[in-house]
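Below is one structure, written out as structure tokens; comments come after it.
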2 protein chains.
Amino acid sequence: MEELFQGVRIRVNDKLFVKDPESSTLGKSIVEISIVMMGELGFEKFNFRKLGERIGSNESSIYRYFENKHKLLLYLTSWYWGWMEYQLVFATHNIAEPKEKLSKAIYMITREIKEDSNFSHINEVLLNNIVINEYSKSYLTKEVDEEDKEGFFASYKRLAKRLSDMIRVFDPKYKYPSSLASTILGGALHQHFLKNHFSSLTECNDKVTPTEYLTNLVFNVLNQNFND
Amino acid sequence: MEELFQGVRIRVNDKLFVKDPESSTLGKSIVEISIVMMGELGFEKFNFRKLGERIGSNESSIYRYFENKHKLLLYLTSWYWGWMEYQLVFATHNIAEPKEKLSKAIYMITREIKEDSNFSHINEVLLNNIVINEYSKSYLTKEVDEEDKEGFFASYKRLAKRLSDMIRVFDPKYKYPSSLASTILGGALHQHFLKNHFSSLTECNDKVTPTEYLTNLVFNVLNQNFND
DNA sequence: AATAAATGATAGTAATACTATTATATTAGC
DNA sequence: GCTAATATAATAGTATTACTATCATTTATT
């Protein structure tokens, strides 16, 4: 799988940056190190001054790439969901059987990312943790509707659409494919968070994965005779 | 129901405040108006200076009640989950039949709060919206583990426990009662948010409620013969 | 009326989230 | 190899936030 990735670039809405960070060494290191630092400090304590110090660059130079840290978070998470969509499509495209296809999709979305694919300066393992801990902060804002109109959440929505389409194919009678897709996407992040911080609120742990829990959930919900 | 509430007070972990806001008029108006303003401005733009101006009081006086706005958010959401637990217990205590009991519990947790119970200075309709939009910010922090040890999330955990217990009673063989309870709690907030801001990601709307979706989900998941 | 407690007014600090300006380094075209 | 353009760095400055400290005044208690 790795080799094919070499030639692929994840597209991100270009309104999310002032200057494309992929277009220069500094830009790439802003993205690379912001992922490391946001993971270490959390979104609130992370800022451009600290990032500048760490990469040996000037705060003002970072502002030439990203308007502010909110936009940077949107960029990072958009990249992540775009990457996830690619992973999903790649992993499922040759599966014809609807159940197996959906099952694989759920696995791709709910698994813990454990190895960096190394095809770019972006570490997906670290980025996965940022998504778990910070993603909801990117849309739980007063600006969400405007930003949605600008297409800032497009990659997430595309992914959700693909998943709900697979649900529809598997069980055309099920009435809530979009809601279920959202529950899988949101629920996976939430279960990963709970297993790390609120273990009493979940059965998930080292042995029982969010994948296992959510796979069981989805296939018990779907294809029932009493979808009423 | 209303009348009984008159004599009840929702208890909140007293480490969440410096001085009990229930103990004075100023304290109550801090809580009351912070709910209004946090709803209007969102958590990020809300601050103690603006709150002080609005209630005609001094910023420094507010700091005598709450250390900072993060603690205030924890206070408000703890109150909400404590109130929700009370509502849940009250609404289900006389139901013996496990399915009906669980069904009622799901309704209580997932419904849209539409009327203020008027038994205090706290408007539950507005507070419900704050919980939908801001709750996750209260725990998606680097301090979550310490704060959990201090018991700041106790009321949420108690509620989750009650719900998972009802799931266990209804279907003792089901392997993920805690995870499912978390999914109901988190999923309900998420579906309400989606219906307001990302309608393409959910079937929920004015006609189809999150309650309907989640009730269907839970009873399809539970009591299956193939819980494997 | 005396005392304590609560609140208000004012000022000040350190950090954040930028913006603007100018200087210097790097790169690209000729 | 020189020139011009572009990118980055350095410095300074502003408005706002998130407080803390101090002292004055109001309100409640005995």
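Letters A, B, ... mirror the listed sequences (proteins, then strands); counts begin at 1.
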Practice problem: Respond yes when some side-chain nitrogen or oxygen of A:Ser61 is under 4.0 Å from OP1 or OP2 of D:dA9, and no when none is. | Solution: yes
Practice problem: Determine the contact category for B:Arg49: base if any of its heavy atoms lies under 4.0 Å from a base atom, sugar-phosphate if only primed atoms, P, OP1 or OP2 are that close, otherwise nothing. | Solution: sugar-phosphate
Quiz item: When all nucleic acid strands are considered with a 4.0 Å heavy-atom cut-off, which category describes B:Ser60: base, sugar-phosphate, or nothing?
Solution: base
Practice problem: Nearest whole angstrom, please: distance from the C1' of D:dA10 to the CG of A:Asn58. | Solution: 6 Å
Exercise. Round to the nearest Å and state the distance from A:Leu41 atom CG to C:dT16 atom P.
Key: 10 Å
Exercise. List the atom of B:Gly27, the atom of B:Tyr65, and the distance in Å for their closest heavy-atom pair.
Key: CA-CE2, 3.6 Å
Self-check item: Salt bridge flag under 4.0 Å for residues B:Asp165 and B:Lys161
Solution: yes
Practice problem: Measure from the side chain of A:Leu26, starting at C-beta and using heavy atoms only, and say which of D:dA9, C:dT7, D:dA18 lies closest. | Solution: D:dA9
Exercise. Identify whether any heavy atom of B:Phe48 sits under 4.0 Å from a base atom; if not, whether one sits that close to sugar-phosphate; answer base, sugar-phosphate or nothing.
Key: nothing
Practice problem: Measure from the side chain of A:Tyr63, starting at C-beta and using heavy atoms only, and say which of C:dC18, D:dT8, D:dA18 lies closest. | Solution: C:dC18
Practice problem: Report yes if at least one side-chain N or O of A:Ser24 is closer than 4.0 Å to OP1 or OP2 of D:dT8; otherwise report no. | Solution: yes
Exercise. Look at the side chain of A:Lys50 and the backbone N and O of A:Lys45, then say whether any donor-acceptor pair between them is shorter than 3.5 Å.
Key: yes
Quiz item: Checking all strands, does A:Glu67 fall into the base, sugar-phosphate, or nothing category for heavy-atom contacts under 4.0 angstrom?
Solution: sugar-phosphate
Practice problem: Report the distance from atom NZ of A:Lys69 to atom C1' of C:dA17, rounded to the nearest whole Å. | Solution: 9 Å
Exercise. Calculate the interatomic distance between B:Lys45 atom NZ and C:dT16 atom P; express it in whole Å.
Key: 20 Å
Self-check item: Integer-rounded Å distance: C:dG8 C1' and B:Ile30 CD1
Solution: 13 Å
Self-check item: Residue of the set A:Lys157, A:Arg162, A:Arg11 for which salt bridge (charged side-chain N to carboxylate O under 4.0 Å, His left out) holds with A:Glu85
Solution: A:Arg162
Exercise. Ignoring backbone atoms, establish whether A:Asn68 has a side-chain N or O less than 4.0 Å from OP1 or OP2 of C:dA17.
Key: no
Quiz item: Under 4.0 Å: is that the gap between some side-chain N or O of A:Lys19 and OP1 or OP2 of D:dT6?
Solution: no
Exercise. Take the protein atom CD of B:Glu44 and the nucleotide atom P of C:dA17, then report the distance between them rounded to whole Å.
Key: 12 Å
Quiz prompt | Exercise: do B:His70 and A:Glu44 side chains pair donor with acceptor under 3.5 Å | solution = no
Quiz item: Any side-chain N or O of A:Tyr65 under 4.0 Å from OP1/OP2 of D:dT8?
Solution: yes
Practice problem: Starting at atom CG of A:Leu51, determine the distance to atom C1' of C:dA17, rounded to an integer number of angstrom. | Solution: 14 Å
Quiz item: In whole angstroms, how far is the P atom of D:dC19 from the NE2 atom of B:His70?
Solution: 11 Å
